[in-house]
Amino acid sequence: MLARGCLFALTMLLLPQSALALPPAASALLPSGWSFLNDPSPLLSSQERGRALVGHTDDSARPVTQADEGVVPSATGLWLPLGEMTPVAAFQNGRRLLIVAAGRHVIDTAGLTNVAPFEGVSARIMADVTAVSILCPEGSSPLIRPVGHGWTVSFGRHSTESPDVMLLGQDEGALTFTPPREDGALFVVTFRDPDSGRRLLLGLSRSGSVSGDLIRRGAGFEVRPSLMGLVIAADADAIELRQNGKQFFLDRVGPSDTPLLAGGKVAAYGASDAGVALAGSPPEDLRESVRRAQIAAAMASAGQRFDARIRLAQAAARLANGALVSQVLQVALEDQPEGNTRKDIRRLRQISAVLNGRADPSLLSEEEGATPEDQFWRGMVRAQFPITGESPDVDVQRTRTARLIAAGLPSVSGYSQPLRHRLLPVAAEWVARYGTAKDRGVLLSLPSVPETVLARALTAAETHALDARGQLETLTHDPSPMVWPVASEAALRFDLEKDASPAKAIGEHVDGLMPAFRMVGREREARLLSIDAFIKGKEWRAAQQGVQDGQAVYGKAGFPGHDRLLVIARGFAEQKDIEAKNALAEVELLKAAMTIEPNDPTLQEYLLKALERRYAVLGLPEAQRTVLRGLLQNQQGPEHQDTMVKLVRLDLDAHDLGAALHDLPSENPADVSVLPGGQPEALEVSVLRAEVAREQHDLPRAAHYLTGRTETQALKMRGQLMEQAKDWVGAVSALKPVIDAAWTGRKEASALSPDLEALVLELAGDASRAHDDTTLSALKRQYGSLMERSASAGVFKLLVGESSAKPPAGG
């Protein structure tokens with residue numbers, strides 16, 4: 001039944017039986033060792049659903065969805081029952097994901113036809129292996145991992161997990177690939193690429209992959225990238241892959257003088273074959289070595305001059321004299337350009353780029369060297385390029401660079417003292433900031449020397465160690481101008497994260513130290529820290545100024561301010577207490593901010609709202625109206641209506657009836673959304689129409705807009721219109737519900753509120769003019785005692801008829 005294939009098409013992963021218990025009847029529908037992670041009813045037929053639900057009376061269970069039997073929901077993950085501790089090799093050919101597992105495993109894939117994202121899945125048993133082919137969605141990143149008695153496959157736009165890579169080394173003439181976790185489940189098979197037919201040597205394992213850094217091409221073979229295990233494309237029959245239970249060996253069959261790699265033999269793992277000796281001796285000897293090398297280069301014959309110059313460059317590199325290394329290389333390569341292909345020349349160019357802080361794109365291509373020292377110099381070259389943006393890709397590049405540096409960090413301890421003094425602090429700091437826990441472990445394993453003290457303190461801060469703040473505080477008093485600014489920045493960042501100091505004070509402190517941060521190359525990061533501190537302290541003006549200053553220095557692409565701009569603009573827009581003395585400066589700042597991201601509607605709306613609030617504080621209604629009209633262009637729904645109401649009120653305050661009529665929505669019923677209750681328009685809109693009509697001296701039309709409205713605001717205005725028309729009876733009729741509603745919540749009060757007292761006097765006046773004795777008596781009975789305590793007691797008595805005083809003129 002379900003075993004025919006539809007088991008794979010699940011809304012979640014399929015897990016082993018122990019993962020989740022199901023009703024016995026539902027479990028009986030599955031093969032032994034399988035169970036659903038969630039409700040399987042959408043996959044079952046009507047009869048099967050009935051069988052699965054027999055005896056299952058848990059009220060908390062999810063209801064069974066009535067779905068067409070022919071519709072199978074999409075899957076987000078797939079579990080392959082390949083057995084426990086089964087090693088695999090997984091790799092991609094275009095959109096095809098191929099998984100080769102050791103052993104013979106029967107897998108039925110009939111139910112996975114056209115089930116997204118598994119558009120095409122097939123399985124085939126071949127000799128002593130099982131091959132599973134899966135067609136991947138466009139742009140997806142496959143992720144496989146061992147789970148229980150099998151392997152899971154899932155997809156995503158970007159893989160959030162980067163599996164551990166194989167460790168590349170050398171054993172005599174063989175390349176070695178060591179999985180990061182020793183499990184003893186290694187297996188080697190020969191396989192044919194189903195697309196190209198090329199012979200593949202597969203190293204099956206349960207951990208370890210081959211990343212782009214480990215790709216190697218040699219005579220007759222190519223190491224390919226993989227998701228799991230090892231994939232070697234071998235055209236030469238003399239190439240073999242073997243394993244000893246702990247690692248894979250790639251070698252030639254029998255004795256041979258042909259190097260395994262086209263570029264020559266790889267040096268032993270842990271050293272480099274670049275041929276540049278960087279080990280040191282006392283500084284005095286290093287300087288003497290440079291002097292003698294200079295003399296030798298000057299006296300060398302034409303045929304020996306190039307090598308003599310290169311020996312001079314090596315001596316200068318050991319002395320960490322980057323300028324001399326660069327100068328000597330430039331002259332040597334101008335005379336002999338073909339020397340650029342030598343490995344020692346490439347290494348010296350790397351050293352020159354690092355010592356001189358120059359980003360050299362020509363050194364970014366991957367070299368053949370795979371030893372830790374080779375990786376270290378590749379990472380150091382990458383570290384010279386400026387870091388721009390804050391995207392996930394940038395984070396990946398930072399982590400990759402830190403991994404390369406950490407791989408060869410121990411090698412630096414054997415370098416000459418001047419070179420070690422130049423390299424170690426920078427390299428260790430990079431690993432501390434951007435490395436993984438594994439990379440930081442390499443750093444912490446180094447001897448605690450002055451060059452690594454700062455990096456260790458940064459690592460402590462990154463891992464929130466108990467003594468992290470104390471370590472940083474000690475280093476803030478270090479006399480070195482290259483140490484104390486870095487420690488100060490880290491300490492201030494630590495305080496901001498822990499709320500150890502007021503955020504505003506931290507931001508101001510960072511700003512005060514900006515020249516020192518600039519000197520150590522941390523100005524960009526310090527500016528961002530200052531902005532984050534001001535944002536946390538809700539100092540929107542200072543934060544906005546920081547973003548604009550940073551983008552002016554580094555450009556938009558080099559200074560990640562967009563997300564911060566959104567937060568700042570929203571803070572400006574929602575700020576309640578706006579001081580008039582600051583409003584004018586903030587207006588100029590906000591107007592400048594609108595030109596930074598003119599095509600971002602969300603940002604522009606926040607900035608316009610912030611501008612409107614400040615124009616209101618400054619008493620600039622014309623500017624306020626201009627901003628409100630800009631807001632209306634991109635708003636919809638209730639927000640659009642609120643802005644329109646505010647704009648029309650400003651039009652009325654300015655006695656600009658033409659603008660008010662223009663800004664009001666059309667009276668066409670087709671343009672009006674009927675609200676619950678049958679009202680044709682919102683209250684605010686109706687009141688505005690009435691106010692515009694009153695300004696036009698069209699009282700009947702104004703009253704018409706309020707017909708049928710029972711809201712307090714509408715009744716108050718209707719009373720005013722009746723008073724203006726001297727319709728006292730109508731005014732009394734409109735105001736009585738208003739005063740009753742206001743009195744309902746204050747029956748127990750010992751005094752009337754100013755608003756309620758004014759309403760009582762207004763209604764009494766209207767009733768007196770209408771000769772409505774009933775209303776006057778009710779007012780006297782209900783409010784007489786309370787009005788006696790007010791300053792308007794005499795007027796109230798006069799209106800309700802308790803005084804013999806003459807009525808006021810005009811009464």
So, the side chain of [X] versus the backbone of [Y]: is there a donor-acceptor pair under 3.5 Å, distance only?
X: Asn244; Y: Gln247; value: yes
X: Arg403; Y: Asp439; value: no
X: Glu523; Y: Met519; value: no
X: Thr459; Y: Ala455; value: yes
X: Asn93; Y: Arg96; value: no
X: Thr476; Y: Ala487; value: no
X: Arg95; Y: Cys136; value: yes
X: Thr399; Y: Asp395; value: yes
X: Ser352; Y: Leu348; value: no
X: Arg420; Y: Gly414; value: no

Could you tell me the separation between the [atom1] atom of [X] and the [atom2] atom of [Y], rounded to the nearest 0.5 Å?
X: Glu338; Y: Thr341; atom1: CD; atom2: OG1; answer: 8.0 Å
X: Leu319; Y: Leu419; atom1: CG; atom2: CG; answer: 9.5 Å
X: Leu355; Y: Gln384; atom1: CG; atom2: CD; answer: 9.0 Å
X: Ser445; Y: Leu409; atom1: OG; atom2: CG; answer: 8.0 Å
X: Arg398; Y: Arg433; atom1: CZ; atom2: CZ; answer: 10.5 Å
X: Glu473; Y: Phe494; atom1: CD; atom2: CZ; answer: 12.0 Å

>> Tell me every residue that passes side chain to side chain contact (heavy atoms under 4.5 Å, CB included) with Gln471, counting only those two or more places apart in sequence or in another chain.
In response: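 Side chain to side chain contact (heavy atoms under 4.5 Å, CB included) check on Gln471 returns Ala457, Ala460, Asp467.
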> Strictly by modelled atom types, are Tyr415 and Glu373 linked by a side-chain donor-acceptor pair under 3.5 Å?
Replying inline: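 Checked: Tyr415/Glu373 side chains pair up, N/O donor to acceptor below 3.5 Å.
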> Does any donor atom in the side chain of Ser326 or Arg358 lie under 3.5 Å from an acceptor atom in the other side chain?
Replying inline: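 Yes.
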> Hey, what's the ring geometry for Phe559 with Tyr554, parallel, tilted or perpendicular (30° and 60° as the breaks)?
Replying inline: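 The arrangement is parallel - the two ring planes meet at less than 30°.
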Heavy atoms, side chains only, cut-off 4.5 Å: are [X] and [Y] in contact?
X: Leu230; Y: Ser205; result: no
X: Val520; Y: Pro481; result: no
X: His477; Y: Trp484; result: no
X: Ser411; Y: Phe376; result: no
X: Trp377; Y: Ile351; result: yes
X: Ile232; Y: Leu200; result: no
X: Pro425; Y: Glu451; result: yes
X: Gln375; Y: Arg378; result: yes

> For Gln350 and Arg347, what are the C-alpha separation, side-chain angles and deciding distance, and is it a side-chain hydrogen bond (donor to acceptor under 3.5 Å, both in side chains)?
Replying inline: CA-CA 5 Å; Gln350 290 177 325; Arg347 175 55 43 82; 2.8 Å; yes
> So Arg224 and Asp193, side-chain contact (heavy atoms from CB on, under 4.5 Å) or not? Walk me through it.
Replying inline: CA-CA 12 Å; Arg224 289 185 174 181; Asp193 189 329; 3.1 Å; yes
Over all heavy atoms of both residues, which pair between [X] and [Y] is shortest? Give the atoms and the distance, please.
X: Val328; Y: Arg309; value: CG1-O, 3.1 Å
X: Ala308; Y: Ala297; value: CB-CA, 3.8 Å
X: Ile345; Y: Gly339; value: CG1-O, 3.1 Å
X: Gly229; Y: Val210; value: O-CG2, 3.9 Å
X: Ala406; Y: Val442; value: O-CG1, 3.3 Å
X: Gly208; Y: Met166; value: O-CE, 4.0 Å

> Can you list the steps and then say if Ile239 with Arg252 is a side-chain contact (heavy atoms from CB on, under 4.5 Å)?
Replying inline: CA-CA 5 Å; Ile239 299 295; Arg252 292 189 181 276; 3.6 Å; yes
>> Between Arg346 and Lys343, is the side-chain contact (heavy atoms from CB on, under 4.5 Å) condition met? List the steps.
In response: CA-CA 5 Å; Arg346 181 180 178 84; Lys343 289 190 175 182; 5.6 Å; no
> In terms of side-chain geometry, is the basic nitrogen of Arg318 or Asp285 positioned less than 4.0 Å from the acidic oxygen of its partner?
Replying inline: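 Between Asp285 and Arg318 there is no salt bridge, as every charged N stays at least 4.0 Å from the carboxylate O atoms.
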Applying salt bridge (charged side-chain N to carboxylate O under 4.0 Å, His left out), name anything that partners [X], two or more places apart in sequence or on another chain.
X: Arg242; answer: Glu240, Asp251
X: Arg206; answer: none
X: Asp360; answer: Arg349
X: Asp532; answer: Arg564

> Should Leu475 and Leu454 be marked as a side-chain contact (heavy atoms from CB on, under 4.5 Å) after you check the CA-CA gap, both sets of side-chain angles, and the distance that decides it?
Replying inline: CA-CA 7 Å; Leu475 291 173; Leu454 177 59; 3.8 Å; yes
Please tabulate, one pair per line, all N/O donor-acceptor pairs under 3.5 Å involving side-chain atoms of residues 289-296, not counting sequence neighbours.
unit_1, atom_1, unit_2, atom_2, d
Arg291, NE, Glu288, OE1, 3.1
Arg291, NE, Glu288, OE2, 3.3
Arg291, NH2, Glu288, OE2, 2.5
Arg292, NH1, Glu288, OE2, 3.4

